[in-house]
2 protein chains.
Amino acid sequence: MIGKDRAGRRWSIGELAEASGVTVRTLRHYDEIGLLRAGERTASGHRRYTERDLRRLYRVRALRALGLSLDEVAGVLDDSGDEPEAMRALLAAQLRDLEERAGQIALLMDRIQGLLRRLDGRSMPDPDQFMTTLEMISVFEAYFTPEQRERLAERRAELGSEAVDAARTEWAGLVEELLGHVRADTPVDDPRVRDLVRRWDTIGAAFHAGDERTAGAARRMWRDHGPELARGLPWSADLLNGLVAYVDRVRRAG
Amino acid sequence: MIGKDRAGRRWSIGELAEASGVTVRTLRHYDEIGLLRAGERTASGHRRYTERDLRRLYRVRALRALGLSLDEVAGVLDDSGDEPEAMRALLAAQLRDLEERAGQIALLMDRIQGLLRRLDGRSMPDPDQFMTTLEMISVFEAYFTPEQRERLAERRAELGSEAVDAARTEWAGLVEELLGHVRADTPVDDPRVRDLVRRWDTIGAAFHAGDERTAGAARRMWRDHGPELARGLPWSADLLNGLVAYVDRVRRAG
DNA sequence: CTAGAACCTCCCCCTGCGGCCGGTTCAACC
DNA sequence: GGTTGAACCGGCCGCAGGGGGAGGTTCTAG
């Protein structure tokens with residue numbers, strides 16, 4: 001039993017699959033792409049794997065277990081000049097890659113956890129409102145840094161939800177009044193519109209607390225994404241875009 | 001300028017792509033799979049996107065930004081009965097999925113960091129030896145729990161590398177002696193082989209510190225993966241397999 | 001000798017698009 | 001009204017890593 005045929009065992013593809021824990025399909029795939037060719041074939045074409053092939057398969061599995069691509073695995077195994085240096089570099093690169101992917105996943109998890117808190121927390125019964133919030137959040141994330149968002153959230157919490165609602169109501173009134181001036185083509189240096197815009201800015205300042213970069217980000221966001229942000233409001237995006245342009249002219253005039 | 005055509009704007013595919021930051025190709029893909037159909041077409045077949053389409057696109061983007069698949073996004077947007085419950089369930093499922101992926105990545109990073117420490121640390125100049133170690137590590141990870149591996153590593157550190165080398169040398173001597181008995185068909189209850197096996201077990205116990213589950217895991221590992229583990233040793237896998245079977249019989253006889 | 005398991009080669013399928021091809025069509029300018 | 005360059009159309013191939021199946025041979029145990 002011990003010390004038998006020195007020519008070594010041969011494995012059929014099914015035997016090798018079972019012995020190594022990969023599927024037959026995978027072995028055929030590896031054969032096809034040249035990563036692990038069957039060392040021999042029977043006269044009729046059946047694959048015969050040798051001990052060398054078995055060794056190679058174990059190495060392939062080990063390298064795959066590090067998350068390397070099949071190409072990378074092939075590169076490591078075929079460059080017989082696989083200096084430890086090259087290996088170290090490859091592993092370091094792989095580590096960086098994994099770190100990045102972990103960061104992406106952490107970002108997604110943060111977003112989802114935030115949304116779940118909102119959903120579990122207070123009222124969010126209207127799916128449409130939820131979707132609108134979702135759109136706004138994704139836009140917010142593109143324009144404000146995490147710190148800015150955090151400070152905005154803190155500020156909202158400080159103000160309390162009734163104050164936020166009051167601000168929204170006051171802002172709606174300002175919009176109506178200003179739209180009247182837009183339609184009436186009131187000159188941008190009229191003291192009445194100047195006063196309205198001052199109140200407008202005061203409301204904004206209550207949220208961004210005088211941080212000019214946050215305010216600028218908000219303006220850029222509005223400029224680029226007015227249409228979505230206007231959703232749920234009783235005015236059309238075009239109307240609001242015109243309004244914002246008008247307010248801008250008022251600011252520059254003042 | 002303000003308050004123009006109530007029928008609403010239309011966007012060509014290129015305009016919508018630029019406005020929303022996705023590529024033309026992506027929009028065509030969404031159209032093709034039915035996720036975001038252009039609400040209208042010109043007589044000649046060019047896509048005309050409406051405001052509804054724009055809204056839908058923003059929702060698609062928002063949901064994609066949570067890592068949902070296109071199918072999941074379509075499900076959320078098309079099930080008009082998108083109760084907050086369903087949304088919560090979907091997000092919770094997504095979160096679990098992400099957690100699992102994060103765990104996988106963390107596992108890969110651990111492995112790679114461990115390997116890099118080995119590479120950077122003491123001698124590992126031979127790439128072949130490195131690969132062999134790699135194979136063994138991946139097999140180890142399949143058989144020992146993380147705690148068991150940690151305790152094995154601690155134990156090795158306690159013993160020191162010279163003690164480990166000494167153990168290996170002694171073990172090699174035992175193997176040679178036992179192989180002689182195998183060839184000579186010494187009965188399994190012969191006191192001489194019983195003594196050799198006792199010494200064999202003592203060496204093992206020095207590592208697994210008497211933890212029977214760790215020892216059992218090691219035996220299962222050897223039974224399943226003898227060939228790879230035997231790599232780098234001066235005996236063939238067949239030889240060692242026969243030896244292990246003999247040692248088992250000696251144990252049972254004792 | 002025969003049945004059934006195992007094996008073979010093609011081929012299409014999945015995700016989420018990127019990219020190219022050959023052929024319309026649009027929009028602006030002359 | 002004509003021209004011309006940009007935009008647009010559908011269709012097809014490609015990617016990573018195989019899954020799964022069709023239809024046809026071959027192996028192997030009884």
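Keep in mind it's a predicted model, so treat the numbers as computed, not measured. All chains are named by letter (A, B, ...) in the order of the sequence lines, taking the proteins before the strands, and each is independently numbered beginning at 1.
Nucleic acid contact class of B:R41 (heavy atoms, under 4.0 Å, all strands): sugar-phosphate only.
The CD atom of B:E18 sits 15 Å away from the C1' atom of D:dC8 (whole-angstrom rounding). Taking atom CG on B:L27 and atom C1' on D:dG10, their separation rounds to 16 Å, with Å as the unit. Atom-to-atom, CZ of B:R10 to P of C:dA27 comes out at 15 Å; the value is rounded to the nearest Å. For the pair A:R61 CZ and D:dG18 P, the interatomic distance rounds to 13 Å; values are reported in whole Å. The OH-C1' distance, from A:Y49 to C:dC7, rounds to 11 Å in whole Å. Atom pair B:L16:CG and D:dC8:P shows a separation of 10 Å (rounding to whole Å applied).
A heavy-atom distance below 4.5 Å is not found between the side chains of A:L115 and B:M87. Side-chain contact check for B:W11 versus B:D53: every heavy-atom pair is 4.5 Å or farther apart. Side chains of A:L179 and A:L243 form a contact here, defined as non-hydrogen atoms less than 4.5 Å apart. A 4.5 Å side-chain heavy-atom check between A:R61 and A:R56 finds every atom pair outside the cut-off. Side-chain contact check for B:I13 versus B:R48: every heavy-atom pair is 4.5 Å or farther apart.
When the side-chain nitrogen and oxygen atoms of B:R47 are compared with OP1 and OP2 of D:dG10, one or more of them lie within a distance under 4.0 Å. Considering only side-chain N and O atoms, B:R64 lies under 4.0 angstrom from the phosphate OP1 or OP2 of C:dC17. Put simply, A:S44 has a side-chain N or O that comes within less than 4.0 Å of OP1 or OP2 on D:dC27. The side chain of B:T26 places no N or O atom within less than 4.0 Å of a non-bridging phosphate oxygen (OP1 or OP2) of C:dG16. Here A:T42 does not reach the OP1 or OP2 of D:dT26: none of its side-chain N or O atoms lies under 4.0 Å away.
Counting only residues at least two apart or in different chains, salt bridge (charged side-chain N to carboxylate O under 4.0 Å, His left out) contacts with residues 23-33 of chain B comprise B:D31-B:R37, B:D31-B:R41, B:D31-B:R47. Annotation: salt bridge (charged side-chain N to carboxylate O under 4.0 Å, His left out) contacts involving residues 90-109 of chain A, sequence neighbours excluded, are absent.
In this structure, the side chain of B:E15 engages the main chain of B:S12 through a donor-acceptor pair within 3.5 Å. Remark: side-chain polar atoms of A:R251 are not paired, donor with acceptor, to backbone N or O of A:Y246 under 3.5 angstrom. A donor-acceptor pair under 3.5 Å links the side-chain atoms of A:S20 to the main chain of A:L16, judged by distance alone.
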So which protein N/O to nucleotides 4-7 of chain D N/O distances come out below 3.5 Å?
none

Write down the protein N/O and nucleotide N/O pairs, taken from nucleotides 20-22 of chain C, whose separation is under 3.5 Å; answer none if there are no such pairs.
none

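Nearest-nucleotide mapping onto DNA chain C: of B:D71 and A:V24, the residue sitting toward the 5' end is A:V24.
Salt bridge status for B:E40 with B:R10: present, with a side-chain N to carboxylate O gap under 4.0 Å.
Near DNA chain C, defined here as any heavy-atom distance below 4.0 Å, the residues from residues 28-36 of chain A are A:R28, listed numerically.
Contacts of B:E72 classified as side-chain contact (heavy atoms from CB on, under 4.5 Å), with partners at least two apart in sequence or in another chain: B:L68, B:S69, B:L90, B:Q94.
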